[in-house]
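Data block below; observations after.
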Amino acid sequence: GYESIVLPFDADINEIKAAGFVFEKFEGFGENTIKFVELANDENLKAGIPYLFRYAGEPNDDRMEIVFTANVQQTSDEISDQDGWSGTFKAMDGSAIAGKYILNAKGDKMQEAGSEASLAPYHCYLELPVGTDAEKLSVSHRGSATGITGISNKNNSEKMFDLQGRQLD
C-alpha cells in the first residue's frame, strides 16, 4: 500500500528508489481528479513538501525500513499546502484532524478522519476544496485514473475511499 511523508529537510532518495520504492508528488485537482505523478529519476525529497510513496518490489517480510541521507543545510519549519494536500511535523488528533482525508493503516484507502482519529508526525492529509463532492473524485497515479460511479454508503456513518478515490460501502 501507500504511505505518506513530509520531512523538515531535503533528502537524497536515489538509493531508496533503486531498492524499489516509488515516490509521488501532488500535481493538483482537475476534472474531479486528484493527480499525483512519480518523481523523476534525478528528483529528491524537498523540505516541507508532502509526498506519497509505496514499495513496488517483492516484499521480503511484513516490515520494511527505509534509510536516506538528509541534507540539513536545506531545512524548513513550514509545510507547503498544495491545494489541500498538506502534512504535519507534529501529531494531530481530535478537531485538528477531523474532516481531513488520511490514509488508513494498510495504505490502500483514504478515509475522512473523525474526531477519534490521529495522524502521526511527518505524515500527510488532504483537505478537499469547498464544494468538492468526494463521491465523484478519483485519484490519478502515473496518469491513470479510476472514476467513482454508482457508490452507495448504506449504513456507514464514516465515508471511506480507496486510493483510486472510490468510496467504499
Judged by atom type as modelled, is there a donor-acceptor pair below 3.5 Å linking the side chain of Asn44 to the main-chain atoms of Ile13?
-> yes
Looking at Lys106, Glu24, Met110, which hits side chain to side chain contact (heavy atoms under 4.5 Å, CB included) with Tyr2?
-> Glu24
Point-to-point distance, once rounded to the nearest 0.5 Å, from CZ of Phe26 to CD of Gln82 | 7.0 Å
Among pairs that include at least one residue of residues 66-79, which meet salt bridge (charged side-chain N to carboxylate O under 4.0 Å, His left out), considering only residues two or more places apart or in two chains?
-> none
With a 4.5 Å limit on heavy-atom distance, are the side chains of Pro8 and Tyr122 in contact?
-> yes
CD of Gln111 to OH of Tyr101, rounded to nearest 0.5 Å, is 10.5 Å
Under the salt bridge (charged side-chain N to carboxylate O under 4.0 Å, His left out) test, which residues partner Lys46, sequence neighbours left out?
-> none
Smallest heavy-atom separation, Pro50 atom then Ser80 atom, equals CD-O, 3.6 Å
Show your reasoning for whether salt bridge (charged side-chain N to carboxylate O under 4.0 Å, His left out) applies to Lys25 and Glu43.
-> CA-CA 11 Å; Lys25 62 185 173 184; Glu43 247 180 311; 2.7 Å; yes
Go through Ile49 and Val6 one step at a time and tell me if the side chain to side chain contact (heavy atoms under 4.5 Å, CB included) criterion holds.
-> CA-CA 6 Å; Ile49 303 293; Val6 60; 5.8 Å; no
Is Ser86 reaching over with its side chain to a backbone N or O of Asp81, donor-acceptor style, under 3.5 angstrom?
-> no
About how many Å separate CG of Leu119 and CD1 of Ile97, when rounded to the nearest 0.5 Å?
-> 4.5 Å
Spell out, as yes or no, whether a donor-acceptor pair under 3.5 Å connects the side chain of Trp85 to the backbone of Tyr125.
-> no
OG1 of Thr88 to NE2 of His123, rounded to nearest 0.5 Å, is 11.0 Å
Side chain to side chain contact (heavy atoms under 4.5 Å, CB included) assessment of Asn14 paired with Ile16 = CA-CA 5 Å; Asn14 287 316; Ile16 297 169; over 6 Å; no
List the steps, then state whether side-chain hydrogen bond (donor to acceptor under 3.5 Å, both in side chains) holds for Glu3 with Tyr55.
-> CA-CA 9 Å; Glu3 187 56 81; Tyr55 182 65; over 6 Å; no
All pairs passing salt bridge (charged side-chain N to carboxylate O under 4.0 Å, His left out) where residues 89-102 contributes a residue, at least two apart = Lys100-Glu127
Report yes if some heavy atom in the side chain of Leu45 is under 4.5 Å from a heavy atom in the side chain of Phe53; otherwise report no.
-> no
Stepwise ring pair (Phe, Tyr, Trp, His ring centres under 6.0 Å) test for Tyr51 and Phe23 | CA-CA 7 Å; Tyr51 299 93; Phe23 289 81; 7.1 Å; no
Residues Leu103, Leu52; criterion side chain to side chain contact (heavy atoms under 4.5 Å, CB included); working and verdict = CA-CA 10 Å; Leu103 285 169; Leu52 286 180; 3.9 Å; yes
Measuring from Asp83:CG to Glu27:CD, what's the distance to the nearest 0.5 Å?
-> 11.0 Å
